[in-house]
Amino acid sequence: MIDHRLALLLLARLEQATEGISTADLHTAAFDAGFSDPDIRRIQRYLNLFQKRGIGLTRNKRLSKLNPNCDRRDLFHFIKEILHSVSYNKILFGDFSAVEASLYFESHPAPVSLLHTIVEACLSHQLLVFDYTPQTELTREKMKLRALFAPTRKDTIPVTLLPLFFIASKASFMVLGEFFPKQSFNKIVLENPRDRQYELRGIANLQVGEVHKPTLDIDPRVRYRNSVNVWVGGTEYSITLEEMDTVGKIACRRQKKVNGEEEILSYVAASLGKIKIVDPPQEIVQRAAQIGLPTELVFRFTQASDKSN
């Protein structure tokens, strides 16, 4: 039987070892991480398993490593299996495909190590400290404006987060938890946390801190209850989606409740005109204009007055 936490640890160590790592060193890493002295033959069986699963493992003499240039789809097929196992299913919310994950992390040099650090911190309630680059244009513009008037960074945000859930959706991967506005680890100033979520591809310089007890009641089932896939919160809208068939005729219309503007716009824009929002709320029209989405690509107005308001 596969120990999925051990498998993810080994994959992370193989990814980090750019020059390769020996079976003996993998055994030591597993022992140091708290696994009950898995023998070297067991580590060897995991290496053979990774190869059988099509994961891009390079083995040269006694050293092994993950090939950074390999097709990552088989790797993420296995990671999906790991995250849906009993080891991690209590902190996983949502779902993803291997293809979507490989595209999302396409430019990330070490996605397995990033995932391993975050999900293990979720289980152990360890603080994470990192620099975050906002993934929405609106937030980036707000930061640049704020930097003109206050001594703050214009591109990245220093974040101290107690991670609680790993959030997977069709188009994004996030960590959800308790954000502490203060940067200090002094317990006197670690107060009034806020629930926040951060896109994984915006995280850099990740470090693991001390163990901290959660204080907020965060339920992802409530937070994302009306999401198209998984959304990060916001105003709830009731919209009409119109889907086109292969010859450009209306195939169907359906009502949908969604949270926020950007996710539904991204979802519709990704269909390249096959799905449109009928007579959208003005807030969604305004957000589309802010991010430069062509009106004719994402909306269908049935009344002339709707477009002009």
*Taking everything shown except Arg59 itself, do over 12 heavy atoms lie less than 6.0 Å from its CZ?*
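Yes, CZ of Arg59 has more than 12 neighbouring heavy atoms, counting only those of other groups under 6.0 Å.
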
If you count every heavy atom of other residues, nucleotides or ligands that lies below 6.0 Å from Asp217 atom CG, does the total exceed 12?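 No.
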
Would you name the heavy atoms of [X] and [Y] that are closest together and state the gap between them?
X      : Y      : answer
Ile157 : Pro134 : CD1-CG, 3.9 Å
Leu26  : Arg13  : CD2-CB, 3.8 Å
Ala121 : Pro163 : CB-CG, 3.7 Å
Pro193 : Glu178 : CG-OE1, 3.7 Å
Leu9   : Ala30  : CD2-CA, 3.7 Å

Evaluate side-chain contact (heavy atoms from CB on, under 4.5 Å) for Leu47 paired with Leu10, printing each intermediate quantity in order. CA-CA 9 Å; Leu47 295 177; Leu10 295 177; over 6 Å; no

Check: Between Phe96 and Tyr104, does the ring centroid distance fall short of 6.0 Å?
Finding: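 No: the rings miss the under 6.0 Å criterion.
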
Check: Phe166 ring centroid to Phe93 ring centroid under 6.0 Å: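 So the answer is no for these two rings.
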
Between Asn60 (side chain only) and Leu63 (backbone N and O only), is there a donor and an acceptor less than 3.5 Å apart?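 Looks like no, no N/O pair under 3.5 Å.
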
Expected output: side-chain Asp279 to main-chain Thr302 donor-acceptor under 3.5 Å:
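Looks like yes, one N/O pair under 3.5 Å.
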
Could you tell me if the side chain of [Y] sits less than 4.5 Å from the side chain of [X], heavy atoms only?
X      : Y      : value
Arg73  : Val99  : yes
Phe130 : Pro158 : no
Asp195 : Phe179 : no
Ile2   : Ile82  : no

Legend entry - Glu243 and Arg254: CA distance, side-chain angles, deciding distance, salt bridge (charged side-chain N to carboxylate O under 4.0 Å, His left out) verdict: CA-CA 8 Å; Glu243 297 189 27; Arg254 55 190 173 92; 2.7 Å; yes

Is there a donor in the side chain of [X] and an acceptor in the side chain of [Y], or the other way round, less than 3.5 Å apart?
X      : Y      : result
Arg287 : Gln290 : yes
Ser22  : Asp25  : yes
Asn48  : Arg53  : no

Please work out which of the three classes, parallel, tilted or perpendicular, describes the rings of Tyr198 and Tyr132, given edges at 30° and 60°.
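Tyr132 vs Tyr198 ring planes: perpendicular.
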
Electrostatic pair [X]:[Y] at N-O distance under 4.0 angstrom:
X      : Y      : value
Glu15  : Lys65  : no
Asp95  : Lys80  : yes
Glu242 : Lys274 : no

Check your understanding: When clusters are formed by joining ILVMFWY residues with side-chain heavy atoms under 4.5 Å apart, either directly or through shared neighbours, do Val278 and Ile239 land in the same one?
Key ->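 No, Val278 and Ile239 fall in different hydrophobic clusters.
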
Do the side chains of Ile291 and Tyr267 join up, straight or via other hydrophobic residues, at under 4.5 Å, putting them in one cluster?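 Ile291 clusters together with Tyr267.
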
CA sep, side-chain torsions, deciding dist, call: Phe180, Val159, side-chain contact (heavy atoms from CB on, under 4.5 Å): CA-CA 7 Å; Phe180 297 92; Val159 174; over 6 Å; no

Test side-chain contact (heavy atoms from CB on, under 4.5 Å) applied to His27 and Arg41, step by step: CA-CA 9 Å; His27 172 266; Arg41 289 177 297 178; over 6 Å; no

I'd like to check the side-chain contact (heavy atoms from CB on, under 4.5 Å) partners of Arg5; sequence neighbours left out, ordered by chain and number.
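With neighbours one apart ignored, the set is Asp3, Phe35, Ser87, Tyr88, Glu120, Leu123.
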
Rounded distance [0.5 Å steps], [atom1] in [X] versus [atom2] in [Y]:
X      : Y      : atom1 : atom2 : value
Leu57  : Asp74  : CG    : CG    : 12.5 Å
Leu49  : Phe78  : CG    : CZ    : 5.0 Å
Leu164 : Leu162 : CG    : CG    : 5.0 Å

